[in-house]
Each structure stands twice: as C-alpha cells, then as structure tokens.
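These notes concern the structure reproduced below.
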Amino acid sequence: MRLSRFFLPVLREDPREAEIVSHRLMLRAGMIRQETAGVFSWLPLGHRVLTKIMDIVREEQAAAGALEMLMPTIQPAELWRRSGRYDDYGKEMLRITDRRDNELLYGPTNEEMITAIIANDVQSYRDLPLNLFHIQWKFRDEIRPRFGVMRGREFLMKDGYSFDVSEEAGRAAYNRMFVAYLRTFAAMGLKAIPMRAETGPIGGNLSHEFLILADTGESAVYFDRAFLDKDAAALQVDYDDDEAVAAIVADYTAPYAATDDIHDPARFEKEVPQERRVEGRGIEVGHIFFFGDKYSKPMNCTVLGPDGREVTVQSGSYGIGVSRLAAAIIEASHDDAGIVWPQPVAPFDLGLINLRQGDAATDAACETLYEALRNAGLEVLYDDRADRAGEKFARMELIGLPWQVIVGPRGLKDGKAEVKNRASGATQEVSLNAVVARMLDACTEPPGRG
RNA sequence: CGGGGCGUAGCGCAGCCUGGCAGCGCAUCUGCUUUGGGAGCAGAGGGUCGCAGGUUCAAAUCCUGCCGCCCCGACCA
C-alpha cells in the first residue's frame with residue numbers, strides 16, 4: 001500500500017478526551033474515530049489490526065473444531081424472556097421497538113439465540129457435540145463507557161458455544177477451548193494468563209478469564225512466576241485426545257493466579273514461594289464458562305439419547321474481546337514514540353520509507369523494493385509522500401510497524417538500505433538486493449523473538 | 001445515577017470575568033528555497049463560537065432551558 005493512497009489521518013497532538021495510552025495512540029495513529037460515547041469507527045489502519053486479530057481467532061477456533069457462523073446484532077425480546085434474562089439485564093441492554101411495536105434488543109451476547117437454534121434443529125445425541133462461534137458486534141449500554149475501545153458500549157467479540165450430551169463431554173469441550181485460547185493469545189504474540197473467575201451474571205459453575213499483563217490494566221493480578229516461563233505458542237495439542245487436552249489445562253491451572261476480586265493472600269503466600277510471587281495489573285481479553293444446563297434447561301434444549309430418553313444438553317460459552325484486544329495489545333506494547341505491534345497483529349509487516357521522494361534514483365530504488373517485497377508475500381506500507389525525513393520517521397514509529405526499510409541517497413551511494421526494528425530500535429545496513437530475504441526472514445520469525 | 005469539568009477551524013487552545021470586526025499554534029492549499037529526525041520565506045482557504053429561547057442598539061461573552069463529551073465514584077467483557 002502506498003501511503004499517498006492510504007487514509008491515515010495521524011494527529012500530531014494528543015486529543016484531549018483520551019486518557020489512557022491505547023486510546024491516545026489509536027486516535028493519534030488514525031486507527032479509530034469516536035462517533036458517540038463508547039462507539040467508534042475503525043479507519044483502515046485500525047481495521048487491518050482487527051482483521052489480523054480475527055484471522056488468528058478463526059484459525060485457532062477451526063483447529064479446535066469450532067464452526068463459524070453469524071448471528072444478527074438485533075434479537076427479539078421474546079428470546080430473552082424465555083431464559084429469564086430480559087429483566088435481569090437491566091438498563092445495560094439496549095432495547096429497541098420497531099414500527100410494529102415489536103420489542104427488540106441489540107444483543108449483548110448470544111446464548112439465548114444459539115441455544116434456541118440448537119434446540120430447534122438438533123434432536124439426537126448423534127448430532128452432538130457441536131461447537132459454534134461467530135464474530136459479531138455487541139452492545140452493552142454501560143453506565144460509563146471509557147478508555148476508548150477498551151470499554152466501549154459497542155464492541156466486536158468472538159463468542160462461541162459448545163453443546164454436549166453429558167457433563168463429561170461438556171467439560172472436555174471447555175478444556176478444548178481453554179487450550180485454544182492459550183494458543184490464540186500466544187499466536188498474537190501475547191502472554192495471557194488464565195485465572196479462575198467468578199461466573200457473575202452470566203452464570204455457570206466453571207469459568208476462567210484470560211488476562212494479558214499491562215501496567216495500565218484494570219485489574220490487579222497475583223500469580224506465580226511459573227506462568228511467565230510457559231510458552232503456549234509451542235504447545236502441541238491433539239484436540240481429539242481429551243486426556244491430553246485435560247493435562248494441558250491441569251498444567252496451566254495448577255500454579256496460583258487470581259484477580260483482585262477473588263485473590264486470597266493467605267493462599268498466595270502459602271502456595272507460592274516469595275521469589276515467584278508476581279503482583280501486577282492485567283486486562284481481561286477472554287472469558288470462558290461451562291454452564292451445564294443453565295441455558296439449555298429454560299430454553300428446553302434437549303436431545304434423545306441412545307436409550308431413547310430425553311437429555312438436557314450441556315453447554316458452555318467462550319468469549320474473546322476482539323476490539324478490546326486491539327487496545328489491550330497497545331497497552332502491553334508501546335513506548336514514548338508510539339505503538340509497537342507484535343508481528344502477527346501488525347497492520348503491515350513493514351514500512352518502506354522513501355527519504356527523498358522526487359529524487360529519481362531514490363524513487364527507483366524504492367519502487368523496485370516495494371514490488372519485490374510485495375511479490376515475496378509481505379504486507380508493505382510504502383511511504384512515498386514528499387514529507388521530510390523527521391516527519392516520516394515519527395509517523396512510522398507512531399503507527400508501530402515492526403520493521404522499517406529506510407531508503408535515502410546517503411545509503412544508496414553504497415547500494416544499501418537501512419533496516420530498523422521498531423521494538424529494539426536496532427538498525428542494520430543491508431544491501432538492496434538482500435533486503436527482501438532479510439525482511440522475509442524477520443517477518444516470519446515466531447512471535448516474541450522479533 | 002451522584003460529584004466535578006468542558007463544548008470557539010481538522011487537532012490543541014486563547015478570547016468570556018469587564019458585551020463592540022472571531023483569534024493563536026499546528027495541520028491544509030499555492031509558489032520558491034530546502035531535504036537522514038516533526039524546515040524557512042511569501043501568500044491563501046477554512047467558523048451555524050454545541051442547540052434553543054431571553055436581555056441588549058449590539059451576545060462567543062450576560063440570563064434560562066436543553067443537548068453532547070470528558071474525568072472521579074458505584075457498575076462492567
């Protein structure tokens with residue numbers, strides 16, 4: 001993509017309303033614009049990040065056997081009356097009336113809808129297990145939206161739902177999602193720690209939240225340093241092997257980890273040696289629940305078992321805050337100059353900077369590199385604008401692409417370009433004809449090493 | 001929902017107290033000179049001063065009502 005043809009409205013100054021760093025950087029980097037309290041438009045750069053996050057979510061969901069579908073944002077109130085949650089949800093639920101005075105709502109989640117679909121169309125134990133997910137916009141009319149997309153009212157969420165004939169099978173489904181979540185966040189270059197969670201208004205009896213560490217996180221977290229040594233990206237898992245999956249879950253739930261609301265200081269001190277105790281802050285980016293029959297019972301979701309008797313389906317639900325992740329990643333990965341994207345979720349792999357737009361030799365070298373890099377399968381943002389060097393550097397650092405390829409007359413004299421790593425700031429002179437290989441190598445390194 | 005603050009050009013702000021031509025910086029556009037870390041000079045464009053009513057010869061400024069946004073708290077993925 002040529003910057004001259006891209007829409008990247010960066011801001012030099014901090015917008016006044018932005019308090020936390022991710023909100024500030026997302027506005028400044030031209031990723032989002034606010035429409036009303038807690039509701040945002042995603043501009044091209046931000047949209048590319050969302051897409052990267054969704055791609056990874058989809059890949060890991062598919063690997064774990066989940067099927068993608070798409071349910072609507074608008075739901076009939078009737079569905080929620082059946083589960084009894086229509087009144088429970090209170091003013092947080094955005095209620096809408098259509099022209100015929102039908103009561104509708106903008107969905108805050110989809111348990112009722114998916115359960116109704118399963119109840120309607122699944123009659124036999126032979127049709128189970130099923131695990132269905134979608135990625136869709138949700139709306140919760142928070143009393144006070146804040147922190148940009150971190151706690152907006154409208155948010156993009158992957159929510160998945162499992163349906164099984166027995167509690168044992170349901171727990172196995174829960175475990176598969178647990179492991180899929182470990183892999184998903186690791187694939188994004190994040191260190192996410194699973195923590196046992198209160199089930200809250202959504203209910204159920206088994207639940208974990210996944211938090212990524214960031215100084216600006218909303219929750220205080222207490223955990224065993226052992227988590228920081230685990231590498232979920234390296235997990236090899238056979239999802240068909242319930243016991244192997246359960247072993248991974250056991251491994252990741254054994255060390256102490258808790259958010260402040262359920263933290264037990266006495267247990268923490270007893271179970272974790274002092275030198276391994278870590279207190280920090282975290283941002284919740286995923287939450288999984290095993291419900292048992294909490295929704296399937298009131299929604300009358302049953303199947304006929306092998307013995308011809310009706311059994312109530314066992315269900316679970318599994319959420320990932322897709323739009324929230326975009327902000328959470330920035331909270332966890334930025335510096336004074338701007339965003340520092342982990343490679344897997346970066347809007348482009350690299351930025352190609354033409355330091356002397358209009359100079360025939362520099363333009364030609366950049367054009368050649370631009371084409372070669374793209375032909376190699378890399379996503380390139382080519383800064384072909386006529387701005388000054390300082391402005392180009394500042395802008396590229398602000399938007400945080402993992403690598404910069406810098407081309408100017410100075411280096412071209414020797415047939416070289418400069419390659420710069422955004423995270424470390426390290427630079428390296430590279431012969432023009434070696435740039436593609438160098439970048440290809442750099443951009444396909446596993447996350448965490450770039 | 002309680003408490004506080006703010007709405008003036010794309011962004012950041014001044015002007016309001018004490019009513020009298022709507023300003024500044026950055027950004028944008030044109031020209032020239034510059035060109036490896038947010039350039040210089042010269043010129044130009046851009047505003048229902050959040051909305052509605054009122055007071056006044058005259059309202060961004062004073063009064064009333066409303067709306068929106070932000071921050072703190074309770075709440076929450």
Side-chain angles (χ1 to χ4, degrees), chain A residues 7-20 23-24 27-28 30 33-40 89-93 107-111 136-159 197-202 207-212 217-219 259 261 282-289 317-328 337-338 353-359 362 383 385-398 404-413 416-418 420 425 427 429:
Chain A
F7 180 49
L8 186 70
V10 300
L11 305 175
R12 181 186 290 227
E13 293 172 90
D14 288 333
R16 198 174 44 152
E17 74 267 21
E19 199 69 9
I20 63 165
H23 190 195
R24 202 163 66 227
L27 288 166
R28 285 198 51 207
R33 288 294 182 261
Q34 178 164 312
E35 300 301 343
T36 182
V39 177
F40 297 84
Y89 235 92
K91 300 198 80 165
E92 209 177 72
M93 177 184 280
T109 177
N110 288 69
E111 276 92 7
Q136 178 61 289
W137 292 93
K138 308 283 191 292
F139 193 94
R140 292 183 195 169
D141 197 358
E142 298 283 344
I143 296 166
R144 182 150 96 89
R146 62 184 117 175
F147 305 148
V149 301
M150 186 80 79
R151 223 180 109 193
R153 292 191 294 174
E154 189 183 50
F155 54 98
L156 187 60
M157 183 174 173
K158 170 255 152 184
D159 45 323
E198 296 288 2
T199 52
I202 296 181
S207 176
H208 287 90
E209 342 182 285
F210 291 76
L211 289 98
I212 64 176
E218 75 233 302
S219 319
T259 53
D261 46 339
I283 300 168
E284 183 186 341
V285 290
H287 202 155
I288 60 179
F289 302 86
S317 96
Y318 314 93
I320 290 178
V322 172
S323 51
R324 162 176 264 208
L325 264 168
I353 302 180
N354 180 338
L355 284 181
R356 191 75 66 87
Q357 192 269 354
D359 174 74
T362 312
D383 186 348
R385 295 182 28 149
D387 303 317
R388 302 176 68 79
E391 193 173 349
K392 289 178 179 242
F393 290 135
R395 179 169 53 219
M396 201 58 86
E397 271 151 30
L398 172 64
Q404 298 167 16
V405 174
I406 301 160
V407 179
R410 203 172 74 189
L412 280 183
K413 283 200 314 265
K416 302 220 161 150
E418 188 175 301
K420 181 172 179 181
T427 63
E429 299 264 299

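Computed from a predicted structure; not experimentally measured. Chain letters run A, B, ... following the sequence lines, proteins first and then strands; every chain starts at 1. Basis for what follows: all heavy atoms, side chains included, without hydrogens, waters or symmetry-related copies.
A salt bridge between D383(A) and R395(A) is present, with a side-chain N of the basic residue lying under 4.0 Å from a carboxylate O of the acidic one. A salt bridge is absent between E429(A) and K413(A): the closest approach of a Lys/Arg side-chain nitrogen to an acidic carboxylate oxygen does not fall below 4.0 angstrom.
Between the side chain of K420(A) and the base of rG37(B), at least one donor-acceptor pair of N or O atoms lies under 3.5 Å. Looking at E418(A), its side chain comes within 3.5 Å of the base of rG36(B) through a donor and an acceptor atom. For a distance-only test at 3.5 Å, the side chain of E397(A) qualifies as a donor-acceptor partner of the base of rG37(B). A donor N or O paired with an acceptor N or O is found under 3.5 Å between the base of rC76(B) and the side-chain atoms of R151(A).
Remark: rU35(B) base-pairs with no nucleotide; criterion is Watson-Crick or G-U wobble with both hydrogen-bond distances under 3.5 Å. Taking a pair to require two hydrogen-bonding distances under 3.5 Å in either a Watson-Crick or a G-U wobble arrangement, rG43(B) pairs with rC29(B). Across all strands shown, rG7(B) forms a Watson-Crick or G-U wobble pair with rC67(B), both key distances being under 3.5 Å. Of the nucleotides present, none pairs with rA74(B) by Watson-Crick or G-U wobble criteria with both distances under 3.5 Å. The partner of rG20(B) is rC57(B), judged by Watson-Crick or G-U wobble contacts that both fall below 3.5 Å.
Remark: C1' of rC69(B) and CD of E19(A) are 13 Å apart, rounded to the nearest angstrom. In this structure, R16(A) atom CZ and rG10(B) atom P are separated by 15 Å, rounded to whole Å. The distance between atom CD1 of I143(A) and atom C1' of rC71(B), rounded to the nearest whole Å, is 16 Å. If you measure from atom CG of L27(A) to atom C1' of rG12(B), you get 14 Å, rounded to the nearest angstrom. Regarding L412(A), its CG atom lies at a distance of 17 Å from the P atom of rU35(B), rounded to whole Å. Across the protein-nucleic acid pair, R395(A) atom CZ and rG36(B) atom P stand 16 Å apart, rounded to whole Å. We find that CD of E17(A) is positioned 10 Å from P of rC13(B), with the value rounded to whole Å. Look at CG on L355(A): it is 13 Å from P on rA39(B), rounded to the nearest Å.
Listed by chain and number, the residues in a side chain to side chain donor-acceptor pair (under 3.5 Å) with R385(A) are D387(A) (sequence neighbours excluded). Residues satisfying the ring pair (Phe, Tyr, Trp, His ring centres under 6.0 Å) test with F147(A), not counting sequence neighbours, are none.
Across all strands, E284(A) comes closer than 4.0 Å only to sugar-phosphate atoms, never to a base (heavy-atom distances). G152(A) comes within 4.0 angstrom of a base, heavy atoms only. Counting non-hydrogen atoms under 4.0 angstrom, I320(A) reaches nothing in the nucleic acid. As judged by a 4.0 angstrom heavy-atom cut-off over every strand, R28(A) is placed among the base-contacting residues. Within the nucleic acid shown, A394(A) comes within 4.0 Å of at least one base atom, counting heavy atoms only.
When each of rC1(B), rC11(B), rG37(B) is scored by its nearest atom to the side-chain atoms of F393(A), the top-ranked nucleotide is rG37(B). Among the nucleotides rG73(B), rG37(B), rC76(B), the one closest to the side chain of R146(A) is rG73(B).
Taking a centre distance below 5.5 Å and an interplanar angle below 30 degrees as the stacking criterion, F155(A) stacks against the six-membered base ring of rA77(B).
For the C1' atoms, the distance from rG3(B) to rA74(B) is 12 Å, rounded to whole Å. For the P atoms, the distance linking rC21(B) with rC62(B) amounts to 16 Å, nearest Å. A distance of about 38 Å separates the P atoms of rC57(B) and rG12(B), rounded to the whole Å. Across rC70(B) and rU34(B), the matching P atoms stand 48 Å from one another, rounded to whole Å. Distance noted for atom P between rC29(B) and rG23(B): 23 Å (whole Å). Between rC26(B) and rG40(B), the two P atoms lie 8 Å apart (nearest whole Å). Atom name C1', nucleotides rC63(B) and rA27(B): the rounded distance is 38 Å, in whole Å. rG25(B) and rG20(B) have their C1' atoms separated by 26 Å, given to the nearest Å.
Here R12(A) reaches the OP1 or OP2 of rA27(B): one of its side-chain N or O atoms lies under 4.0 Å away. Contact check, R388(A) against rA39(B): a side-chain N or O comes under 4.0 Å of OP1 or OP2. A close approach under 4.0 Å does not occur between any side-chain nitrogen or oxygen of T36(A) and OP1 or OP2 of rG68(B). For the pair Q34(A) and rC70(B), the criterion of a side-chain N or O lying under 4.0 Å from OP1 or OP2 is met.
Heavy-atom nearest nucleotides on RNA chain B were determined for R356(A) and for G286(A), and the one closer to the 5' end corresponds to R356(A). RNA chain B is contacted by both M150(A) and E13(A); E13(A) maps to the nucleotide lying nearer its 5′ end (nearest heavy atom per residue).
In summary, the aromatic rings of F210(A) and H208(A) are positioned with their centroids too far apart to meet the 6.0 Å limit.
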Practice task
For K91(A) and M93(A), run side chain to side chain contact (heavy atoms under 4.5 Å, CB included): C-alpha distance rounded to whole Å, both residues' side-chain angles, the deciding distance at 0.1 Å, then the answer.
Solution key: CA-CA 5 Å; K91(A) 300 198 80 165; M93(A) 177 184 280; over 6 Å; no
Handout entry: Full working for side chain to side chain contact (heavy atoms under 4.5 Å, CB included) between L412(A) and V407(A)
Key = CA-CA 7 Å; L412(A) 280 183; V407(A) 179; 4.0 Å; yes
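Distance check: R153(A) CZ to F139(A) CZ gives 4.0 Å after rounding to the nearest 0.5 Å.
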